[in-house]
Every structure is written in C-alpha cells, then in structure tokens.
Number of protein chains: 2
Amino acid sequence: MADATRERIKEYAREIGYIYNRRAASLRTSRSGIVGVVVHDIMNPFFAEILRSIESELDRSRQTFLLSNHYDQLEKQRTFIDTLLQLGADGVIMSPAIGTPAQDIRLIEDNGLPVVLIARSVEGAKVPVFRGDDAYGTSLSTNHLISLGHTRIAMVGGTDQTSTGRDRYQGYVNAMEKAGLEIRPHWRFPGPRTKQAGFEVAGAFLALQDKPTAAVCWNDLVAIGLMNGIARAGLVPGVDISVTGYDDLEEAAIATPALTTVWNGQREVGRRAARVLLDRLNGAEVNRSQQLIKPELHVRQSTGKPKER
Amino acid sequence: MADATRERIKEYAREIGYIYNRRAASLRTSRSGIVGVVVHDIMNPFFAEILRSIESELDRSRQTFLLSNHYDQLEKQRTFIDTLLQLGADGVIMSPAIGTPAQDIRLIEDNGLPVVLIARSVEGAKVPVFRGDDAYGTSLSTNHLISLGHTRIAMVGGTDQTSTGRDRYQGYVNAMEKAGLEIRPHWRFPGPRTKQAGFEVAGAFLALQDKPTAAVCWNDLVAIGLMNGIARAGLVPGVDISVTGYDDLEEAAIATPALTTVWNGQREVGRRAARVLLDRLNGAEVNRSQQLIKPELHVRQSTGKPKER
DNA sequence: CTGAAAGCGCTTACAG
DNA sequence: CTGAAAGCGCTTACAG
C-alpha cells in the first residue's frame, strides 16, 4: 500500500471519528502501554516533584501512567497492583508501602511486570532502586549545625519503620557521635512527615528543660511546620532556634526564613527510574542494584550560631 | 453451582495465580471500570484535596481512576482524552484547560463517556458542573477587609482567562463598588497561582506610592507567598498589611500568621462530582446544570485594622 | 438448568 | 505481495 493511500485512510478514519481500541490491541499483543506508579501520597510535594519528572519521561515514550496512593497501607497497594495486573500494565514504578515484603515484589515480576523502586528499598528484592543517600544527607545537615557551634541538637519527625527513616536517623547519630556530642532520647520526636506534625512538635520542643538550640528535621514540610510553630510562640527561627529541612522542595527557598536544607535529587530519582523502567520494557538487561543519589547541603537563613552556649 | 463450590474454585484460582483479564472482559462488555480525572496540576494542593475525595468516592465503587495533568495545555488534555477513549474509559471528571471549547466536551460525550466538570465551567457545554461561588467568595473577603476599615485594597494573582478568574475579580470589584471605594488598575497584580508568584509580587506591591493596606489574593498559595515576601521585607503580615487567601487549604491554618481565607468546599466538590458521575454511569438522569457550592469566610490572624488611615 | 458457540476489535502467522 | 483466518480471554445469548 502506498504511503499516500495510507495517509488518506488515516485522514478518513479521523473524519468519521474512528477510535483505535487499545484493549483489543493489548489483548492480542499483551502490551498495554500502561505503566503503574504507586507512591505514599501525591499530596506530598516530594512525591509530586518525582512524579513530574516521571511523567515527562514517560510522555516521550507515549506510555500512559496510572497513578495511585497507598497511604502506607499494604492492602491498598495490593489492590492497586492487582488492578495493574488485570489491566495488563507493562511495568511499575513504586515507592513501597511500609512493610512491603520482598515476596510482593517477586509476585509482580513473576507476572511479567518489571518493577523499579524509588525512595525506599525493600530488603531482599532484586530490582533496581533509586533513592537519595539519606544517612549521608542528614550527616551533612547535622555537621553544618555542629560547625556553627550547636551542641544540643534534636531530630524531629520520621519513623524507624522505613529504610529512609532509619538511614536519616543514623546519619544524625553518626555525626553527633563523631563530634562527641550527647544524644538524648527525648530529643528525638518521631512522627508524621507533614507540616502539621512539625507545627505540633513546637510546643513540646520549646517546653523542654534542656531545650536543644537546633533541630534536624525529617523533611522540609516538618521543618516549615516547626518554624511556623516556633514563630507562633514568639521566637525567631534561624536566630533563637536553628532548623534544617530535607528535600529542598521549591518551597524551601521562599519560606520565612529561607530554609537550610538537603537537596535530595527528586528530579533525578524520577528521571532515572523512568528511564530504567523503559529500558527494561525494551528488553534491556539493567543493573538491579541500589543507586544512591548524592545529596547536597543548601545553606540558607534558617540556621545560625546558637544564641546561648 | 452451589456457593460453596464457587468459593472453592475462587480459592483454587487464587492459589494457582490466576489473574482476571480486564481487557478481555472490557472488550466484551464495553465497560472498563476506568474513570479519567484531568486537572490543571496535581501538585496544587487545591486539586490534591479534591482528588482525595474523588478517590475515596470512586474506591467504594471499585472504579480505577486514571489521572492526568494538562497544565492548561489544550493539546495535553486532548491527548489524554484520546487515551481514555482508546482504553474504553467509562467516564471523565475534569477541570477543563483554559480555552477548552464546548465542542471538545461534546466529542467525549458523543463517544459514550459521561463528563462532569469541576472547578471551572465551559460556556455552552451541557454537563454537570461543580464549583464554588467564586464571585460571592471574594466579595466575602473584600467586605471583611472593608469592614475592618481598609480603603486601599489590592487584588493579587489570577487570570481573566478562566471563569474562576473572572468571577473572583468580579466579586472583588462588586464589593469595592458597593462600598464606594476606588479601584485602581495598578492595584491588580494578575499572575500565576503559586507561592512563588505571590512571593515575587511583594516587591512591586510594597514599592507603590499609593501602597494598598490590604490584599485580596487569588488563593492561599499566592497569599502565603505574598506574606513570606512581606515578612522578608521586614514588615509584619496581618499588622502592616492585611492579606486574605482563598480555598482554606489545610496549610492556611498553620501559616504564620494564620491565614484569613475563604473555604471553597473542595471536599464537597470532589465528592459530589464523583457521585454524579457514578449516577450517570448507572444510567441515571442527572441535573446537567452548574452547582455552586457556597463558600464561607474563615477569619484568622492575617487580617486586622489598617495601620495608617 | 447446562454447556458449547459466537463475538468484542485488534494483530500476526499463514495460505494462496 | 495480498487477503482471509485464527486467536488473545472474556461474557452472553442461545441451543439442547
């Protein structure tokens, strides 16, 4: 068939409103052009920034992406994975829910869907993982505070239930120990990773007898919430209490005061994860190991010398 | 077949890893269980809050939702709609991109997908619309500022290209005119609806000879950005300059100072839009008119009496 | 009531 | 090289 004829037919098809049926095609070819993306919560700007770069990467390969939040509920995650399998998705990018067993990852792969993990790893799962080097990251911010002269430093937000949480805490502990500083258990405020949570910690934090002069926060949201709480109590963040964040969201630079934080390479994580998945879809053999993206400290106005020594 | 037998078979199917093929089923029944949701940008917490309530509503009916951002690009929106048609989606909930013609909505409906609009309406499209009463909303915040004694009031952020933008500006104009106050063109700062944009307006705003004592902002993001900019310039928002937001995001209550804003019923919008779509999917005849959700003023600390008269 | 057959709209392997 | 047929995995209408 001549190209001109082909074009004329396409033109005519468009005219009469023909719609290509992807279900039928997919049934026949067992390729759907759908990639699943599962994260904790798209309302979290950290994931939103990752999603954007995944989106722009997948767009180029004309893959449709199917998004879901699992809110750290294994059940919700499994339901979504099931939906992906039923729809014949081609692959999955996921930030696994807390407690995801390696077995769940295996099951997806056994059903023919390549998996790429982001942000969190799963012990024992043999798939590519892209995440920041969290322990290194919090050691950067903790060391920065130590070098300013702080000795009583708190850790606010996060949980021990994720690899990220454990690593970020470890980085803080490493830096403190290396500097010979004391780590008091009640200086740690575990909790959700939201502004609201940071805001709510402020009261307890400021009421401590042996009140720390600085806080390493789990992420920017917690840090901004904590700063809001400190400001609400009539103190000045960055002057009375130094605060560091994590992620370097777009918002960090315009917070008041501008937030000292750790750039976590979310753009990079999304882009690389999407590319590796596309490579796997094209049958390429890829590196099934953990790829740590090196974080960087961005110093702004929320940290300064301690007021009292 | 007895129920017990049916259960045993299901059990066995699960055991051997049987996966129900929804593409095949959908090909046969022409029902896919997929609902498309298109918004401007999921990174915007306003849409994120709407999406949450849509999600929880659709979850109950076991509908999968396929999400996409159009970033106000008609082309991106059309591509996504095309994908939905090809996948045989059952319906669409959308916040239409700027410039969406009624024809585009018709085309979707003609292909058998019921459409429900949220947040914005499309002139001439005969489909249900759920949005806040924007003109009424900004008149609430403007009147609040007027009653505090402000006479020079600016409008920051937004665009005339959307029904929402025009209505919010109109509400401000109405309130100003009713109070016999002057509306100066350079007191209007149109612009994107982001924190960044609000932050960047602060400089020009504060440099005005006839500087307003208050600003009605397009949404909470713009308001929080503007407040950050005001604080960065050494002034105190809520004392030196009064600021109002719009939406009442979760964040508004923990901003510094806590933001006076207009609750915009995003939960309500999402919930009702999802329900009406589900009703349409079940063949029910629904009200194809615009449903305005009545906004409410939430007064907090970012507004006060004008400092100078 | 039960079971085999037809058909949804594609793609691909195969016969002519 | 071209065109008709088979088949992906379901559901439903129909014959027995």
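Throughout, a chain's letter reflects where its sequence line sits, starting with A, and its residues are numbered from 1.
- We find that B:D72 and B:R120 are joined by a salt bridge, their nearest charged nitrogen and carboxylate oxygen being less than 4.0 Å apart.
- Within 6.0 Å of the CZ atom in A:R106, the count of heavy atoms belonging to other residues, nucleotides or ligands does not exceed 12.
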ask   = Just by protein heavy atoms under 4.0 Å, how would nucleotides 7-15 of chain C read 5' to 3' in B, S and -?
value = BBBBBB---
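- To the nearest whole angstrom, the two C1' atoms, one in C:dC10 and one in D:dA13, are 23 Å apart.
- One side chain, B:T64 or B:R22, offers a donor N or O that lies under 3.5 Å from an acceptor on the other.
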key: Paired and unpaired positions of DNA chain C as dot-bracket, Watson-Crick or G-U wobble under 3.5 Å, | denoting a partner strand   = |||.||||||||.|||
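- Ion pairing between a basic and an acidic side chain is recognised when a charged N comes within 4.0 Å of a carboxylate O; B:R280 and B:E109 show such pairing.
- The number of heavy atoms from other shown groups lying within 6.0 Å of CZ (A:R166) is above 12.
- Residues A:L117 and A:P96 form a side-chain contact, since some pair of their non-hydrogen atoms from C-beta on lies under 4.5 Å apart.
- C:dG16 and D:dG7 are spaced 16 Å apart, taking the P atom of each and rounding to whole Å.
- When each of A:R271, A:E49, A:R52 is tested with A:Q266 by the rule side-chain hydrogen bond (donor to acceptor under 3.5 Å, both in side chains), just one qualifies, namely A:E49.
- Across all their heavy atoms, A:G158 and A:W218 have their closest contact at CA-CD1, 3.0 Å.
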